[in-house]
Amino acid sequence: MTRRTAPRAVLLALAELLAWWAALALLWLVLITSVDTLERIVGASCAAVGALLARAGRRAVTWR
Amino acid sequence: MNGWILAATVGLGGGGAAALWGVTTGSPGRRVIAQNLTTSAVCPALLLLSQGYGRPAYVDLALLMALLGPVGTLVFARLLADDLADERPSAWGLTWAAAGLAAAVVIALCVAGGPGRAMVKLLVIGALLIGGNVIASRALAGGFREVRGG
Amino acid sequence: MNTAMHVLPYLVAVYVFLTGCYGLATSRNLIHAVGCLAVCQSATYVLLLAVGYRDGATAPVFSDIEPGSRPVVDPVVQALTLTDIVVGATVTALLLALVLQIAKRHGTVDPDELRELRG
Amino acid sequence: MNRLRLWLLAVGGAGLAALLVAACLDLPAFGGRWHPYGDRAVQASLDRHIANTIASVNFDQRAYDTLGEISILFAAVLGCVVLLREARDEHRAPPEPAEVARPVRRYALLVLPVALVTGLYVIAHGQLSPGGGFQGGVVAATALHLLYLGADYGALERVRPLGVYEASDSLAVCAYLVLGLAGVLAGTAFLANTLLPYGTFNTLSSGGTVPLLNAAVGMEVASAVVVLLAHFLDQAVEIEEEHGS
Amino acid sequence: MSDAVITVSLLLVAGCATAAVVQRDPARQALVLSVLGAVLAVLFTVLQAPDAGLSQLAVGSALTPLLIMLCVRKVRRRGRTKDGAR
């Protein structure tokens with residue numbers, strides 16, 4: 001198991017992604033006016049994309 | 001007459017004229033600071049107009065202004081880094097005054113608007129605006145020192 | 001609504017357009033000329049939206065108000081302005097790319113010097 | 001020669017100004033009530049349960065014109081890509097890592113996802129609240145470049161695979177066309193909004209094909225701006241002349 | 001009273017446009033164009049056109065200045081290497 005796929009590193013990565021996803025989903029709920037199921041689905045997927053980009057950005061900067 | 005629109009007019013006239021005068025005259029450092037303060041003058045005016053016209057949908061304009069205004073200032077801070085290197089422009093007094101104005105406007109609108117989702121949105125916009133304003137001033141005051149403009 | 005207000009927006013649009021044209025004609029730097037062209041384009045936005053305005057009306061967006069409860073301004077000119085702004089930005093980018101090519105091939109961005117550089 | 005040119009400009013400008021001012025005085029008064037097209041456009045938009053009339057005009061009543069817009073966008077980006085490519089006498093120097101103040105970098109890394117989610121929100125709610133594919137696409141693309149502003153160009157290049165964005169740019173334009181052709185296949189007109197049900201008013205699924213066209217334009221504008229800025233950044237930061245050539 | 005805010009916005013736009021044209025240096029003109037973008041967005045909001053205002057904000061506050069400043073940097077860097085190389 002290389003350093004990056006050690007269980008601890010995978011766990012940390014998942015925790016970070018989940019934290020970003022929760023924060024961005026909350027932001028989405030604040031931005032919209034009416035909440036229904038389709039809004040939640042679209043919001044969840046947009047928050048997921050945002051979380052992935054956030055993690056990729058953080059690693060791209062410190063990875064140097 | 002709608003008090004909110006009157007406040008927005010006064011803020012726009014004063015802030016806009018000062019920003020325009022600041023950005024056209026003076027040293028490069030002072031011009032970039034004026035450009036940074038334009039965001040802090042225009043975004044509260046947009047919030048006041050949104051309240052004055054009775055249209056919560058216009059708040060998205062202020063949200064985008066609060067997000068992209070500081071990004072524009074970062075563009076200038078980074079790409080004019082070598083011009084501003086000797087000067088290290090920093091007007092922290094103006095920055096905190098603008099942050100205070102923005103906070104006052106957001107609080108007044110929150111009080112007028114009452115609790116709820118709209119108030120949280122206003123607080124998010126206020127946080128973005130004041131954070132962006134302070135960080136942009138920090139960037140201007142030497143955030144990009146070691147960047148050879150690249 | 002005093003009479004000056006009837007025609008002020010159109011006059012401001014004309015003034016901004018003529019100022020942009022003056023800058024474009026007398027510019028000594030091609031990047032500055034592209035900036036002046038952007039000013040000319042913003043004059044067209046002002047004229048379009050001034051034509052569509054209606055006194056005491058609001059935007060034809062009914063996400064937060066009841067349709068038909070308030071008079072609305074003309075949405076067609078706003079649709080034109082909206083796409084005009086974004087296409088204007090990409091055309092500005094194309095012009096700046098051309099300016100970079102000129103700077104690379106002729107070593108200058110001053111239009112007057114370009115005219116003397118016969119190929 | 002310069003004096004003659006200025007004189008010609010003055011005379012031409014004065015004539016044009018006089019004509020334009022005369023035309024302005026003849027226009028109907030600013031703020032008038034007579035907007036025949038506007039009233040019909042609002043009515044057509046409400047019939048199809050689209051809350052944002054401007055999105056209805058852009059993606060339903062004049063969808064063919066918006067097809068022209070995105071092809072202009074695509075052509076402009078294509079022009080920039082061809083013009084700004086690396087010439088033979090140039091070499092590409094790797095971008096040196098830049099030291100940026102810690103608070104500025106933290107701000108950039110924080111606002112990066114927030115701006116992206118805001119851009120996607122503006123695209124998704126194009127046919128409800130103010131916004132749409134054009135504005136949201138530009139905001140999403142600008143968000144990505146916070147990495148360059150907050151750190152250095154190397155960081156941005158690691159996150160932004162350019163091939164993917166060029167492919168998604170052309171994919172989005174094709175998606176717009178396919179949605180239009182679907183109307184023809186279904187027996188109605190090209191880009192006609194008669195395919196999907198109009199849904200309930202003021203919800204995300206209202207307006208038939210308008211949300212889909214909106215998303216296609218959003219994707220197209222976002223990837224077009226990313227490709228555009230990528231080539232300008234390459235020219236400004238990486239590509240250098242061969243010295244002594 | 002809504003005419004007053006329209007008049008103020010129009011005068012600000014006219015002033016910013018004049019300043020943008022009079023300013024001959026492209027880097028400083030980009031600064032004035034950024035302010036012009038913000039003031040135009042306010043004018044569009046006042047003329048009840050939030051979509052156009054959003055579009056102007058998205059394009060005029062970050063995209064156009066970045067394009068112009070990158071172009072200025074490339075042309076200025078070329079000038080420096082050209083003098084250096086000669």
Side-chain angles (χ1 to χ4, degrees), chain C residues 1 3 5-15 17-18 21-22 25-26 47 50-57 59-65 67-68 71-87 89-98 100-101 104-105 112 115, chain D residues 2 5-6 9 13 16-17 20-21 23-25 27-33 35 37-39 41-42 45-46 51-58 61-62 65-66 69 72-73 75-77 79-80 83-84 87 125 128-130 132 134-135 137-138 201-202 221 224-225 228-229 231-232 235 241:
Chain C
M1 269 272 287
T3 57
M5 199 51 196
H6 285 182
V7 81
L8 177 65
Y10 306 133
L11 292 181
V12 166
V14 164
Y15 168 75
F17 182 75
L18 290 176
C21 287
Y22 165 75
T26 59
L47 180 65
V51 162
Y53 184 71
R54 177 184 188 144
D55 213 27
V61 175
F62 304 109
S63 64
D64 52 354
I65 56 169
V72 284
V73 295
D74 187 344
V76 179
V77 280
Q78 290 187 14
L80 297 179
T81 309
L82 182 135
T83 42
D84 185 4
I85 291 171
V86 178
V87 168
T90 36
V91 166
T92 305
L94 185 62
L95 291 173
L96 287 174
L98 286 171
L100 279 187
Q101 282 299 76
K104 210 175 282 186
R105 288 297 161 262
D112 292 346
R115 207 164 293 118
Chain D
N2 202 346
R5 195 177 60 172
L6 278 180
L9 176 69
L16 179 62
L20 284 175
V21 168
C24 284
L25 299 179
L27 278 173
F30 170 70
R33 298 200 180 296
H35 295 284
Y37 291 104
D39 305 336
V42 168
S45 160
L46 292 177
N52 184 351
T53 318
I54 292 115
S56 157
V57 168
N58 256 339
Q61 299 161 24
R62 294 177 65 249
D65 177 71
T66 307
E69 303 295 348
I72 291 171
L73 226 65
V77 168
C80 279
L83 277 170
L84 294 179
H125 291 74
L128 301 176
S129 60
F134 289 102
Q135 304 94 327
V138 176
F201 187 73
N202 211 357
V221 169
V225 169
L228 208 59
L229 283 175
H231 285 277
F232 268 91
Q235 284 292 337
E241 290 282 298

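So you know, we letter chains A, B, ... as the sequences are listed, proteins then strands, and number each from 1.
Proximity to chain C (any heavy atom under 4.5 Å) is shown, for E69(D), by both the backbone and the side chain. Only the side chain of A87(D) comes within contact range of chain C, with at least one heavy atom under 4.5 Å from a heavy atom of that chain. At a 4.5 Å heavy-atom cutoff, the contact between L11(C) and chain D is made by backbone and side-chain atoms alike. In this structure, chain C has heavy atoms under 4.5 Å from both the backbone and the side chain of L25(D). Heavy atoms closer than 4.5 Å to chain D are found in the side chain of P9(C), but not in its backbone.
F62(C) contributes atom CZ, which lies 4.5 Å from atom OG1 of T53(D) (distance to the nearest 0.5 angstrom). For the atom pair L84(D) CG and L100(C) CG, the distance stands at 6.0 Å (nearest 0.5 Å).
In this structure the side chain of D112(C) reaches within 4.5 angstrom of the side chain of R5(D), judged on heavy atoms. Taking 4.5 Å as the limit, every side-chain heavy atom of S63(C) sits out of range of all side-chain heavy atoms of N52(D).
With chain C as the partner, the residue from T66(D), L16(D), V221(D), I54(D) showing the most heavy-atom pairs under 4.5 Å is I54(D). Your options are L8(C), V14(C), V91(C), and the one with the most heavy-atom pairs under 4.5 Å with chain D is V14(C).
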Would you sort out whether L27(D) and V7(C) count as a side-chain contact (heavy atoms from CB on, under 4.5 Å), showing the intermediate values? CA-CA 8 Å; L27(D) 278 173; V7(C) 81; over 6 Å; no
What do the steps show when you test I72(D) against T90(C) for side-chain contact (heavy atoms from CB on, under 4.5 Å), and what is the final call? CA-CA 9 Å; I72(D) 291 171; T90(C) 36; 5.6 Å; no
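More than 12 heavy atoms of other residues, nucleotides or ligands shown are found within 6.0 angstrom of OH on Y10(C). No more than 12 heavy atoms of other residues, nucleotides or ligands lie within 6.0 Å of OH in Y22(C), so this atom counts as exposed by the packing criterion.
Nearest heavy-atom pair across T26(C) and L6(D) is CG2-CD2, 3.8 Å. For the pair G38(D) and P75(C), the tightest heavy-atom approach, listed with the atom from each and the gap, is CA-CD, 3.6 Å. Closest approach of A97(C) and F232(D) over heavy atoms only: N-CZ, 3.7 Å.
Listed by chain and number, the residues in a side chain to side chain contact (heavy atoms under 4.5 Å, CB included) with L94(C) are C80(D), L83(D) (sequence neighbours excluded).
For the pair H6(C) (side chain) and G31(D) (backbone), a donor-acceptor distance under 3.5 Å is absent.
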Side chains of residues 78-87 of chain C: which donor-acceptor pairs under 3.5 Å do they make with residues two or more places apart or in other chains?
from: Q78(C); atom 1: NE2; to: Q48(E); atom 2: O; distance (Å): 2.8
from: T81(C); atom 1: OG1; to: V77(C); atom 2: O; distance (Å): 2.8
from: T83(C); atom 1: OG1; to: A79(C); atom 2: O; distance (Å): 3.1
from: T83(C); atom 1: OG1; to: L80(C); atom 2: O; distance (Å): 3.2

